[in-house]
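The analysis underlying the following values was restricted to heavy atoms, covering all of them including side chains, and did not include hydrogens, waters or symmetry mates.
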Amino acid sequence: LKHKKLGQINENLNSSFQSPITSIPVIINFIKNWQNEFEDSKEIWGDFVRRRIFFKHQQRNLTFEDIEDLWNKGIPRINTLFQKERELLAFDYGWRLRTIMEKFQIQKINPFWWTVRNHDGRLWTLEFYKDEMIKNLGGITNILEHTLFKGTYFPTWEGLFWEKSSGFEETLENKKLTHAQRSGLNQIPNRRFTLWWSPTINRGNIYIGFQVQLDLTGVFMHGKIPTLKISLIQIFRAHLWQKIHQSITLDLCRSLEIDLDKLMISSIQKEQVHPRKSYKMNSSCADIIFVSKRSWKIYKPSLLTPNVSKFKSQCDIGNIFWVDIQLRWGDFDSHDIERYVRGKFLDFTVYQNGLYPGKHGLIIGIDLSYNIFSGYGFEIFGLGQKIWTDLTKLMKSNSALYILRDRIRKGLQLYTSRFSESNLNSGNYFELFQSGNIWIIDDTLFYRVTVHQTLVGNVKTKPINGVIIIFLPKNGNLILRIISSEIWKQQKRLSQLARWRAAEEIFKFLKTISINDKPD
């Protein structure tokens, strides 16, 4: 009886742990067998000959549109008749024998010795196989969820491309190199691959029982992956994790200061926290403290949402409210940010692992690898909605987050060929006045020079004051920012430097204005 019961338990356990298996398509099912190829080839070549005779009688040339349905069919393929080298192929005697004999001359094995593309054409196509594979793996969006795509903050995957290796690396590939030199050349693509798939590779379900936190960051390494460790250290160099935390806290304070009266706040205080606070995961403290003009109605803890709920139940009254901002680096298995912030709130308040000035507050969690955020905690009427809208803007416009995303893109060597904004024309100019804050920036006069001739007869240039012109279509304001010629002293390659300096000046100007006036 005992054995029988144990067997039943094991069967139940096995059935409970079984997950639906996705069948991966087999490549052989997408390639025609030779018998079908030869039978189809007779019909296709016969059809081609008939069409050519028909067009010859009509004294017309055969075009691609006339034989498009036959183009990649037949043995050899019909398209071999229309390539550049078609006249020379007739004189290329013994080409198939030569490919057979090459295996005795070349050490590298060629599995396709039996075919040459110029003569036979491309005998197989894997387009349907690719489509079926993507479909069975859950579609492109599901596949990208396993990668660091969301960390790059590209709006869409369309138009993205990997930067090719430099010409220097390509020339080295054909040279005689030692084993160490050749393995060094392979390091960069290996590092890129590991970083791209890091949310899937570096997770607790793969490397069980091993977890080490990277220095000065909140990133946890679940396995000894040196290439990924190097990439992440480069991305978060110069205390970037800490700077992101400080930058988000400051920007949130500035945006909340605008609606002090509406939220009945008398003062907002940014707390002086320990530099390690942003990446100390087992304890925490408040980043921002609100003090009220009169006592608030405090509602029970709930998730942060963009909408004001009418059915929240009041639980207390208070005049101090704190906000704690938590950063994290999620992976594929654990990027449920709502669950994460709820767990942190219970850990730091109920189990008292946090040092807070009062019992009412809100914990905000931001996942830097997936660029998502959420919050959980007590709520004051209207504050949750305000914080949500401000955080949505901050995720797009925060300068420290921009640096992080730029470093991730450069680490992956991933770039886009699409411009996010369309060109301005007579058909879409009215959109400037309909949507949110849009700026039109002209930096063509940023770097200006005077030209004069020397006594010797040479032409010499001297920088003069420049200007950046910013036009705001929403209210019709025109901002002129004068650029002093002093910034060009002791500098070289000024025309190239001007692009960088113009970007720096715009960035400085953005820091001086409120979030509501910043462009969308």
Side-chain angles (χ1 to χ4, degrees), residues 148 150-153 187-188 191-192 194-199 201-204 206-207 209-253 270-288 323-335 337 340-341 343-344 347-348 353-355 363-373 391 394-395 398-413 507 511:
L148 204 57
K150 287 192 174 177
T152 60
Y153 210 65
Q187 268 190 358
I188 292 169
R191 194 184 296 175
R192 182 167 70 178
T194 315
L195 182 61
W196 177 244
W197 293 104
S198 60
I201 297 168
N202 182 39
R203 51 186 174 142
I206 303 294
Y207 299 93
F210 182 89
Q211 184 173 281
V212 176
Q213 189 173 351
L214 278 184
D215 295 339
L216 307 175
T217 70
V219 181
F220 287 95
M221 298 293 294
H222 296 281
K224 292 179 180 177
I225 315 164
T227 49
L228 178 60
K229 188 177 179 181
I230 290 165
S231 298
L232 291 171
I233 287 169
Q234 282 183 345
I235 286 167
F236 290 105
R237 65 185 181 271
H239 304 275
L240 182 61
W241 188 280
Q242 185 186 328
K243 286 173 182 174
I244 290 168
H245 184 267
Q246 288 174 352
S247 178
I248 289 171
T249 308
L250 275 169
D251 283 358
L252 191 60
C253 285
K270 183 190 173 296
E271 291 288 274
Q272 292 294 323
V273 296
H274 194 278
R276 292 184 195 167
K277 188 261 173 187
S278 61
Y279 50 85
K280 191 167 172 58
M281 299 299 179
N282 53 5
S283 64
S284 192
C285 62
D287 288 302
I288 306 168
V323 174
D324 179 10
I325 296 169
Q326 293 282 321
L327 303 181
R328 77 181 303 244
W329 187 261
D331 57 52
F332 178 71
D333 290 333
S334 63
H335 65 276
I337 194 69
Y340 177 81
V341 290
K344 284 289 179 188
D347 188 23
F348 294 153
N353 289 330
L355 299 169
I363 290 181
I364 295 167
I366 298 172
D367 192 326
L368 299 178
S369 68
Y370 281 85
N371 277 307
I372 50 177
F373 70 89
L391 278 174
L394 282 178
M395 292 297 285
N398 184 265
S399 56
L401 285 174
Y402 177 82
I403 292 166
L404 171 68
R405 291 158 188 166
D406 189 52
R407 286 183 185 179
I408 291 171
R409 291 174 187 183
K410 284 179 179 173
L412 291 167
Q413 295 177 313
F507 181 68
K511 276 190 167 182

Run the numbers on Lys344 and Ser284 for side chain to side chain contact (heavy atoms under 4.5 Å, CB included), then give the verdict.
CA-CA 9 Å; Lys344 284 289 179 188; Ser284 192; over 6 Å; no
Do the side chains of Lys229 and Leu214 get nearer than 4.5 Å, heavy atoms only?
yes
Show the nearest heavy-atom pair for residues Asn398 and Ser247, with the distance to one decimal.
ND2-OG, 2.8 Å
Let's go through Thr152 and Leu412 carefully: what are the C-alpha distance in whole Å and the side-chain angles of both, what is the deciding distance for side chain to side chain contact (heavy atoms under 4.5 Å, CB included) to 0.1 Å, and is it a yes or a no?
CA-CA 9 Å; Thr152 60; Leu412 291 167; 3.7 Å; yes
Only counting residues at least two apart or in another chain, list the ones meeting salt bridge (Lys or Arg N to Asp or Glu O under 4.0 Å) with Lys277.
Asp287, Asp324
If you apply the rule side chain to side chain contact (heavy atoms under 4.5 Å, CB included), what do you find for Ile248 with Leu401, and how did you get there?
CA-CA 9 Å; Ile248 289 171; Leu401 285 174; 4.3 Å; yes
Checking the side chain of Thr249 only, and the main-chain atoms of His245 only, is there a donor and an acceptor separated by less than 3.5 Å?
yes
Count the heavy atoms of every other residue, nucleotide or ligand shown that sit under 6.0 Å from CG of Asp215, and state whether that count exceeds 12.
no
Side-chain (Asn202) to main-chain (Phe220) donor-acceptor, under 3.5 angstrom:
yes
Would the distance check show the side chain of Gln213 and the main-chain N or O of Tyr279 forming a donor-acceptor pair, the cut-off being under 3.5 Å?
yes
Could you pull out the closest heavy-atom pair between Val273 and Cys285, with the gap in Å?
CG1-SG, 3.8 Å
Counting only N and O atoms by type, is there a donor-acceptor contact under 3.5 Å from the side chain of Lys270 to the main-chain atoms of Gln246?
no
Would you indicate whether the side-chain heavy atoms of Ile372 and Lys150 approach each other to under 4.5 Å?
no
For the pair Arg237 (side chain) and Gln234 (backbone), establish whether a donor and an acceptor sit closer than 3.5 Å, ignoring hydrogens and angles.
yes
Please test Ile235 against Ile408 for side chain to side chain contact (heavy atoms under 4.5 Å, CB included), starting from the C-alpha separation and ending with a verdict.
CA-CA 6 Å; Ile235 286 167; Ile408 291 171; 4.0 Å; yes
Using atom types as modelled and distance alone, determine if a side-chain donor or acceptor of Ser369 lies under 3.5 Å from a backbone N or O of Gly330.
yes
Gly411 and Leu195: which non-hydrogen atoms are nearest, and at how many Å?
C-CD2, 4.0 Å
For the atom pair CG (Asp333) and NE2 (His222), what is the distance rounded to the nearest 0.5 Å?
9.0 Å
Between Trp241 and Ser278, which heavy-atom pair has the shortest distance, and what is it?
NE1-O, 3.1 Å
Measure the acute angle between the ring planes of Tyr370 and His335, then classify it against the limits of 30° and 60° as parallel, tilted or perpendicular.
parallel
Heavy-atom pair of closest approach, residues Phe236 and Leu404:
CE2-CD1, 3.6 Å
